Every structure is written in structure tokens, then in C-alpha cells.
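To keep things clear, I will list the structure first and then write my remarks on it.
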Amino acid sequence: MPSDVRVRIAPSPTGPLHIGTARTALFNYLFARHTGGTFLLRLEDTDTARSTAAFEKDILDGLHWLGISWDEGPGVAGLEEAGPYAPYRQMQRLDTYAEAAARLLAADLAYPCYCSPEELVADRKAQEAARLPTRYVGRCATLTVAERAAREAEGRPPATRFRVRPGVVGWNDLVRDRVEIDTANLGGDFVIVRGDGDPLYHFTVVVDDAAMAVSHVIRGEDHVSNTPKHILLFEALGHTPPVFAHLPLILNPDGSKMSKRKSQTAVADYVAQGFVREALVNYLAFMGWSPGTEEEIFPLAELAERFELEKVQKGGARFDRERLEWVNGQWIRRLEDEDLVSRLMPFIEAARIAGEIDRTPGEDEVRALLPIVRERLPTLAAIVDTVGFLWVDDLAVDPAAMIPKRWDAPTTLTGLTEARAALAAHDAVTWEADELEPPLRALVEVRGWKAGDLFMAIRVATTGRTATPPLFDTLVALGRERTLARLDAAIVRLAAAGTLAP
RNA sequence: GCCCCCAUCGUCUAGAGGCCUAGGACGCCACCCUUUCAAGGUGGAGAUCACCGGUUCGAAUCCGGUUGGGGGUACCA
């Protein structure tokens with residue numbers, strides 16, 4: 001069923017893709033997909049001083065990586081400009097804003113303002129000193145034609161200010177119901193076009209949302225106080241305002257608005273740490289929304305199926321990394337083998353480049369490891385921490401670490417030596433977990449040891465770690481030759497340490 | 001300062017007047033499984049539903065106030 005729902009995400013390329021932007025994009029996307037509407041992306045790059053092409057790419061790549069695809073958007077980062085309302089980049093729409101501003105000026109709904117930054121700052125300081133609300137004093141609001149001409153003659157570049165009419169502006173927010181704000185609290189007439197001719201956010205966002213027929217504006221709660229300005233502008237421009245829905249904010253652990261200072265906010269960082277897109281999307285969807293059931297692991301398509309703005313929470317949600325890791329683990333356990341392997345490879349290769357391991361295994365080798373590593377991975381990057389020892393040439397294990405708690409050095413030396421002999425009895429064909437275990441159990445039986453002690457000694461001697469996947473599976477993954485070589489090396493080191501001891 | 005918003009376990013949340021002596025999940029603790037680590041299973045601790053009034057036969061749910069928290073107050077977005 002076709003729908004006239006049109007929503008958008010309008011990122012500003014002044015920084016890398018932020019978790020908050022991704023969440024807002026996701027909710028818009030889910031709403032569009034749920035209603036059969038259209039989701040568009042518009043680049044708000046009018047802050048030329050801070051916008052960069054690199055940030056644009058990071059944002060678009062990040063959104064694509066998450067699977068949040070748009071139906072209409074700019075031609076950027078290898079993409080084709082797509083959609084009937086092109087261009088979707090504000091710096092390419094300057095004539096549209098200029099035309100709209102001219103219309104407002106002509107109708108005296110806006111006026112040129114010649115106040116200098118110094119005057120404005122002085123006004124604000126005076127108001128603060130008098131403990132009054134800060135607002136534009138209206139110095140240029142009622143200038144005569146002659147007065148304007150005089151200022152023009154002085155060469156002052158005028159900004160364009162929008163006349164804020166008295167009264168109350170209200171709207172029925174889809175998340176927080178009725179909201180009403182007295183325009184007296186808006187800070188006076190506000191600038192819509194800077195002195196240098198660049199249009200400002202409050203203006204461009206309205207001109208574009210109107211031009212692009214955006215039906216629902218779904219954005220963060222931090223925009224609630226801006227909404228009256230936007231509604232006033234829609235009215236002045238002769239458009240019916242869209243429906244608004246203000247989402248709760250994503251918060252730092254301390255409850256303040258999520259910031260780079262207190263949290264990891266760049267989506268790219270989570271990608272680099274081995275979070276999978278399904279988990280990030282799943283987790284983000286549940287920040288401020290819930291299907292009302294007790295299920296919590298959903299793929300993107302199912303989220304879209306169930307998503308309803310009516311079920312969005314009003315209060316902010318603190319970002320909980322531990323919970324994200326749990327969701328990530330859930331998703332890693334659900335991925336198809338081939339898929340998981342291909343996602344794991346880059347992390348293994350990165351570890352090799354970083355010198356943490358000496359060789360990169362083939363995909364087949366990694367696939368064979370899946371049964372023993374899968375449920376041990378909170379993140380993709382954890383693969384190296386879990387079984388990286390398999391790909392290291394020389395472990396150089398500390399002899400002291402090889403000695404189990406209940407054992408001493410001589411016992412450990414004996415244990416490793418006899419275990420080595422027992423294992424060496426297997427050829428490459430019988431080098432299977434089921435085959436390796438019985439002889440060692442028998443050895444333990446004969447010696448009167450505890451299996452756990454012997455196994456731990458072998459574990460540390462062959463992996464350098466006290467925590468690994470199941471020992472025999474690990475030895476199989478290591479292979480006969482390397483297992484025996486590591487055992488030999490461990491025995492030598494342990495013996496040498498014993499010799500040196502007093 | 002001024003304006004606006006919000007308020008259920010530490011955290012994410014279920015809850016739309018009686019089903020709530022408040023449910024689930026993360027985290028935490030214990031036990032089971034077990035060669036370590038995970039995963040999984042079972043059980044547990046953890047919320048006088050911020051507080052005070054009111055409406056009602058009955059309130060976490062409705063109303064008012066208080067307190068607390070947050071957001072906004074730019075020729076940034």
C-alpha cells in the first residue's frame with residue numbers, strides 16, 4: 001500500500017557519524033518502512049567552517065553499514081543523486097533559500113538587521129547582568145527605508161531576521177502529546193540568513209522540509225525548543241507544518257546528553273571494536289522503544305514490522321555498553337558460518353598487522369574454529385584474544401605460569417613430559433579430540449593426579465593462557481606438530497628454570 | 001536567570017485504574033553442567049513505582065504541587 005509518509009535524516013557533516021544520529025536515522029527508517037513511506041537523506045552542510053567531505057563519507061558509509069538505506073539522497077561517496085527533490089545537499093540549494101528569504105523580506109515577515117556582533121554581545125551581557133532573559137532587542141526591527149539606506153552606506157552587511165509574532169505556538173507531538181510554547185520565550189526575532197549570505201539551520205531545515213514534502217519530522221528531544229521557530233517559519237512560508245515526534249535523548253552513563261567527552265560516540269569506533277551491525281541496530285532500537293513483549297533480539301526487518309512511534313519512551317536512555325556487548329554476543333551466535341568468518345577475517349588481519357600474531361589463518365581454518373569460539377566472542381575483535389595463540393610463532397611461556405596451583409615444578413615437568421609422550425603416540429590421522437583425551441585420562445589415573453591439573457599444565461604450556469576453549473579441541477586446532485613443539489619448548493623452559501632455582 | 005521536557009530495580013524496560021504482595025532483560029551473587037574460560041540451565045539479592053496532597057470503592061497508572069534530573073536559550077546544527 002503506497003503511503004505519503006515522508007521522513008528524513010538530515011545529518012550535518014561536522015563530525016563522524018554519531019550514535020545519536022544513527023539512532024534518529026534508525027527510528028526514521030523504521031517508521032518509513034513500517035508505514036510504507038519514503039525515507040530520505042539530506043546533507044545539512046551550511047556550516048562551511050566545520051563541514052568536511054571526510055565526515056560526509058563517514059556518515060554515509062556508517063549508515064549504509066548499519067543497513068539504514070535511504071530512498072532519496074545526495075550524490076556523494078560514490079552514490080548517485082537519487083530522488084525527485086534533488087539536490088539533497090543544502091549548499092547546492094542556496095538559491096532556494098535565497099528565494100524564500102527574499103519572499104519573507106518582501107512581505108516584511110523578515111527584515112535586514114545591521115547589528116554588529118559587538119552590539120549583540122553587549123545586549124546579551126546587559127540582559128544577563130539585569131537577570132533578564134536574553135533576547136534580541138529589536139534594534140533593527142522598525143528601521144525606516146532611510147535608516148536602512150544609511151547603514152547600507154556604511155557598508156554593514158545585513159543579516160536577515162525573522163519577525164517572531166506574539167502568541168502561543170503548539171503542536172501535537174507524536175511522542176509527548178500536546179506541547180505549547182509562548183513565542184515570547186523564543187529569544188526575539190532570530191537570524192535566518194547570516195551577514196555573509198549563508199542561510200542558517202532553522203531556516204534551511206524548514207525550507208527543505210517543505211520543499212521535499214516531509215510529512216513527519218522525527219528528531220531528538222533537544223529540538224523541542226526549536227520547534228516553535230520552525231512552525232512559525234512554515235506558516236510564514238505558506239506551508240502546513242509537518243507532524244513532529246521528539247525522541248528521548250541517548251545519555252551518557254551519568255545521565256547527561258551523550259557526548260564524545262564522556263562516551264564513545266562514533267559509530268566507526270564500535271565497528272572497529274567488532275560490534276556487528278545487527279547488534280548495534282537491535283540495541284539502538286531498544287533505546288527508547290520497546291515492542292511491549294519480552295522478546296528482545298530482532299533483525300532490522302522485524303524491527304520495522306513492529307515499530308510504532310506510540311510506543312516510544314519519553315525519558316532519556318543511558319547508554320549501557322555491557323548490554324550492547326550482550327546483544328552483540330547474541331547476534332554473533334546467530335550469524336551464518338560463512339558470514340561470521342568473513343566478518344572475523346579483517347580483525348585477525350588487523351591483529352597481524354599490529355604484530356599481535358605472526359600469521360593470518362585461511363578462511364577454512366577460521367571456519368573450523370567456529371564451534372569452539374562462537375559462544376566465547378562478545379565482539380568480533382575478541383577472536384584474537386580467544387585463540388590468537390594459534391597464530392603466534394614463539395609463545396615463550398613463563399615457566400612459573402605452567403605450574404598448576406596444586407602442583408610443584410617437578411610434578412609439572414613430569415606431567416608435561418609424560419603427556420607429551422602420550423600425545424606423540426597419535427599420528428596425524430588420529431589427532432582428534434576424542435582420541436587425545438582417553439590416554440591422558442589414563443595417565444592421570446595411573447599417577448593419581450587430578451585431570452584438571454594436568455590439563456591446566458598442558459593448556460598453559462601450549463597456549464600461554466589459563467583460559468582457552470576446551471583443551472583437546474584447542475590442541476586439534478593447533479595441530480600435532482605445533483602441539484608437540486610447544487610442549488617440548490615448555491619442558492625445556494621449565495627444566496631450565498628448575499636448574500636455576502636455589 | 002528564563003523557557004521547555006522528563007521521572008518504575010544500578011542500567012534498558014513491561015505496565016495505558018482493579019490481572020501488580022510490580023513482569024522481563026543486562027549486570028551482580030549462588031548452584032548445576034564442567035579440564036580452564038565461555039555458553040546454557042536453575043535459583044537469589046535488587047523498585048515503599050522520586051516525594052506530598054487530591055480524585056476514586058480502588059492509582060505505578062488520572063490531577064495539582066514539591067524535589068530531582070535533563071534539554072534549550074548563537075549571524076552552530
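Letters A, B, ... are given to chains in the order of the sequence lines, protein chains preceding strands, and every chain is numbered from 1. Remember, it's a predicted structure, so these values are computed and weren't measured experimentally. The figures here come from the full heavy-atom set of this structure, side chains too, leaving out hydrogens, waters and symmetry mates.
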Report task. Measure from the side-chain N and O atoms of Asp453(A) to the backbone N and O of Lys405(A), and report whether any donor-acceptor pair falls under 3.5 Å. Result -> no
Report task. Under 4.0 Å between any heavy atoms, over every strand shown, what does Ser225(A) touch: base, sugar-phosphate, or nothing? Just pick one. Result -> base
**Report entry** Gap between atoms CZ and C1', on Arg323(A) and rA25(B) respectively (whole Å)
**Finding:** 5 Å
Report summary line: Between CD of Gln127(A) and P of rU73(B) the distance, given in whole Å, is 16 Å
Query raised in the report: What's the closest nucleotide to the Glu294(A) side chain, out of rU36(B), rG23(B), rC26(B)?
Result: rG23(B)
Query - Side-chain N,O (Lys257(A)) to OP1/OP2 (rG72(B)) below 4.0 Å - result: yes
Query raised in the report: Any side-chain N or O of Gln313(A) less than 4.0 Å from the OP1 or OP2 oxygen of rG15(B)?
Result: no
Query raised in the report: Rounded to whole angstroms, how far apart are CZ on Arg318(A) and C1' on rG70(B)?
Result: 10 Å
Query raised in the report: Taking for each residue the nucleotide of RNA chain B with the nearest heavy atom, is it Glu437(A) or Arg178(A) whose nucleotide lies nearer the 5' end?
Result: Arg178(A)
Query raised in the report: Which one is paired to rA45(B), where only Watson-Crick or G-U wobble pairs with both distances under 3.5 angstrom count?
Result: none
Query raised in the report: Just checking Ser290(A): base, sugar-phosphate only, or nothing, at a heavy-atom cut-off of under 4.0 Å?
Result: sugar-phosphate
Query - Below 4.0 Å: OP1/OP2 of rG15(B) and any side-chain N or O of Lys311(A) - result: yes
Query raised in the report: Between Asp222(A) (CG) and rC6(B) (P), how many Å, whole number?
Result: 15 Å
Query raised in the report: Across all strands, who's sitting opposite rA39(B) as a Watson-Crick or G-U wobble pair, both distances under 3.5 Å?
Result: none
Query raised in the report: Does a nitrogen or oxygen in the side chain of Arg194(A) sit under 4.0 Å from OP1 or OP2 of rC76(B)?
Result: yes
Requested in this report: May I ask you to verify whether the side chain of Arg176(A) and the base of rC5(B) hold a donor-acceptor pair under 3.5 Å?
Outcome: no
Query raised in the report: If each of Leu200(A) and Lys314(A) is mapped to the nucleotide of RNA chain B with the nearest heavy atom, which maps nearer the 5' terminus, i.e. the 5' end?
Result: Lys314(A)
Query raised in the report: Counting only Watson-Crick or G-U wobble pairs whose two distances fall under 3.5 Å, which nucleotide matches rA25(B)?
Result: rU11(B)
Query raised in the report: Is any side-chain nitrogen or oxygen of Arg441(A) closer than 4.0 Å to OP1 or OP2 of rU35(B)?
Result: yes
Report task. Report the distance from atom CZ of Phe319(A) to atom C1' of rG10(B), rounded to the nearest whole Å. Result -> 17 Å
Query raised in the report: Checking Arg161(A) against Tyr136(A): charged group under 6.0 Å from the ring centre and within 45 degrees of the axis?
Result: yes
Query - Any donor-acceptor N/O pair, His216(A) side chain to Ile218(A) backbone, under 3.5 Å - result: no
Query raised in the report: When you measure from the centre of the six-membered ring of Phe27(A), is the NZ or CZ of Arg23(A) under 6.0 Å away and within 45° of the axis?
Result: yes
**Report entry** d(CG, Asp254(A); C1', rG70(B)) in whole Å
**Finding:** 11 Å
Requested in this report: Give the nucleotide from the list rC75(B), rU11(B), rC37(B) with an atom nearest to the side chain of Arg124(A).
Outcome: rC75(B)
**Report entry** Under 3.5 Å: donor-acceptor pair, side chain of Ser256(A), backbone of Asn252(A)
**Finding:** no
Query raised in the report: Would you say Arg306(A)'s side chain and Glu302(A)'s backbone share a donor-acceptor pair under 3.5 angstrom?
Result: no
Query raised in the report: Taking the same atom, P, in rA59(B) and in rG17(B), what whole-Å distance lies between them?
Result: 14 Å
Query raised in the report: Under 4.0 angstrom, heavy atoms only, what part of the nucleic acid is Arg161(A) near: base, sugar-phosphate, or nothing?
Result: sugar-phosphate
**Report entry** rA7(B) versus rG65(B) - spacing of their P atoms, nearest Å
**Finding:** 16 Å
Report task. Examine Tyr201(A) together with His230(A) and report whether their ring centres are nearer than 6.0 Å. Result -> yes
Requested in this report: May I ask you to evaluate whether Arg333(A) reaches the phosphate of rG40(B), defined as a side-chain N or O under 4.0 Å from OP1 or OP2?
Outcome: yes
Report task. Can you check whether any acceptor in the base of rU35(B) is under 3.5 Å from a donor in the side chain of Arg459(A), or vice versa? Result -> yes
Report task. With the side chain of Glu296(A) defined as its heavy atoms from C-beta on, choose the nearest nucleotide among rG40(B), rG71(B), rG24(B). Result -> rG24(B)
Requested in this report: Using the P atoms only, state how far rG69(B) lies from rC9(B), rounded to an integer number of Å.
Outcome: 16 Å
Report task. Let me know the distance between CD of Glu119(A) and P of rC75(B), rounded to the nearest Å. Result -> 13 Å
Requested in this report: Using a cut-off of strictly less than 4.0 Å, decide whether Thr466(A) has a side-chain nitrogen or oxygen near OP1 or OP2 of rC37(B).
Outcome: no
